[in-house]
2 protein chains.
Amino acid sequence: MITFRDKTYRCTSEIVLSLVSGKWKIAILNELAKGPIRYNELRRLLPDATQRMLTMQLRMLESDGLISRKVYPVSPPKVEYDLSELGKQLAPMLLVLCDFGTTYIESYPDEVSRTNQKHA
Amino acid sequence: MITFRDKTYRCTSEIVLSLVSGKWKIAILNELAKGPIRYNELRRLLPDATQRMLTMQLRMLESDGLISRKVYPVSPPKVEYDLSELGKQLAPMLLVLCDFGTTYIESYPDEVSRTNQKHA
DNA sequence: CTGTATCCAGATTGATACTG
DNA sequence: CAGTATCAATCTGGATACAG
């Protein structure tokens with residue numbers, strides 16, 4: 001048993017799941033993996049996320065130390081999000097998750113379909 | 001974009017998260033990794049899980065094809081759970097999750113504490 | 001441009017009691 | 001032994017409007 005930030009877990013993998021589980025966290029991390037990005041760019045890339053949800057997920061990723069938020073004191077406001085050092089270390093793990101996901105769905109080929117998605 | 005079992009995902013890693021996210025799933029998978037096990041043994045190993053929750057999580061893992069449920073037609077009833085072939089392939093991925101979890105909490109050493117837990 | 005505030009629906013988790 | 005049933009609490013995600 002391990003206690004971390006007042007919650008108990010039976011395995012450190014459970015902590016990791018709590019870090020990346022959330023409606024838009026994977027999507028955000030995948031976008032940030034391409035480089036720093038501003039809030040509204042992210043909105044455009046993830047048009048189905050409401051402002052509220054996007055902000056909430058960003059705040060969680062930030063307080064968990066996986067991303068950084070930099071405010072430029074200019075007008076109009078400019079805020080840039082980026083992966084933290086810790087966040088950058090997530091990449092190999094996310095790749096393993098993707099890989100297993102791919103392996104997994106290949107076991108159920110009839111239940112899968114793919115669509116291209118435009119980022120209008 | 002990918003559609004699988006009537007839900008859409010932006011990355012196969014999101015599918016994997018849906019497979020293993022759930023109050024007791026990781027704990028169950030970790031126990032099953034040691035070998036097949038009966039329902040009540042599992043209850044003893046995970047005393048904080050209610051019967052209802054344990055059953056629900058087992059059913060989900062089963063319908064996702066990660067574990068098998070074998071009923072022995074004897075009296076008293078005997079039900080044994082085991083990893084499926086697909087479930088066995090989870091092991092390396094779970095290890096990567098654990099590893100990142102360990103790396104992660106080492107970045108916040110002051111917020112961590114460990115306790116031994118008895119399976120009374 | 002980058003957010004908050006308010007209100008709400010549905011899903012998830014849980015306590016407790018009961019059953020073939 | 002291996003579950004179900006019922007009811008309730010909490011948590012997550014969302015629609016919409018407003019603000020510095």
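Computed from a predicted structure; not experimentally measured. Letters A, B, ... are given to chains in the order of the sequence lines, protein chains preceding strands, and every chain is numbered from 1.
Within the 4.5 Å cutoff, no side-chain heavy atoms of A:Asp82 are placed close to those of A:Ile67.
The NZ-P distance, from A:Lys78 to C:dG3, rounds to 13 Å in whole Å. One interatomic measurement links the two molecules: CZ of B:Arg52 to P of D:dT4, which rounds to 11 Å at whole-angstrom precision. Here C:dG14 presents its P atom at 9 Å from CG of B:Asp48, a figure rounded to the nearest Å. Atoms CD (A:Glu41) and P (C:dT2) sit 8 Å apart, rounded to a whole Å. Atoms OH (B:Tyr72) and P (C:dG20) sit 25 Å apart, rounded to a whole Å. The distance from atom CG of B:Leu46 to atom P of C:dT13 is 15 Å, rounded to the nearest whole Å.
When only modelled atom types and interatomic distance are considered, B:Ser68 and B:Ser84 share no side-chain donor-acceptor pair under 3.5 Å. In summary, the side chains of A:Tyr9 and A:Thr3 do not present any donor paired with an acceptor at a separation below 3.5 Å, with no hydrogens or angles considered.
When each of B:Gln51 and A:Val79 is assigned the nucleotide of DNA chain C bearing its nearest heavy atom, the one mapping closer to the 5' terminus is A:Val79.
In this structure, of D:dG3, C:dT2, D:dC1, it is D:dG3 that holds the atom nearest to the side chain of B:Tyr39. For B:Thr55, counting side-chain heavy atoms from C-beta on, the closest listed nucleotide (C:dG3, D:dG3, C:dC1) is D:dG3. Ranking C:dT13, D:dT4, D:dG14 by closeness to the B:Met53 side chain, first place goes to C:dT13.
The shortest distance between the side-chain N/O atoms of A:Gln57 and the OP1/OP2 oxygens of D:dG13 is below 4.0 Å. Considering only side-chain N and O atoms, A:Trp24 lies nowhere under 4.0 angstrom from the phosphate OP1 or OP2 of D:dT12. Put simply, A:Arg44 has no side-chain N or O that comes within less than 4.0 Å of OP1 or OP2 on C:dT2. The phosphate of D:dC1 has neither OP1 nor OP2 within less than 4.0 Å of any side-chain N or O from B:Tyr81. Close to C:dT4, at under 4.0 Å from its OP1 or OP2, lies a side-chain N or O of A:Arg59. At D:dG14, one or more side-chain N or O atoms of A:Lys23 fall inside 4.0 Å of OP1 or OP2 (strictly under the cut-off).
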Take A:Ile2 and B:Ile105 through the side-chain contact (heavy atoms from CB on, under 4.5 Å) test and state the conclusion after the steps.
-> CA-CA 10 Å; A:Ile2 186 164; B:Ile105 62 177; 3.4 Å; yes
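In this structure, B:Tyr104 and A:Phe4 have perpendicular ring planes: the angle between them is above 60°, well past the 30° mark.
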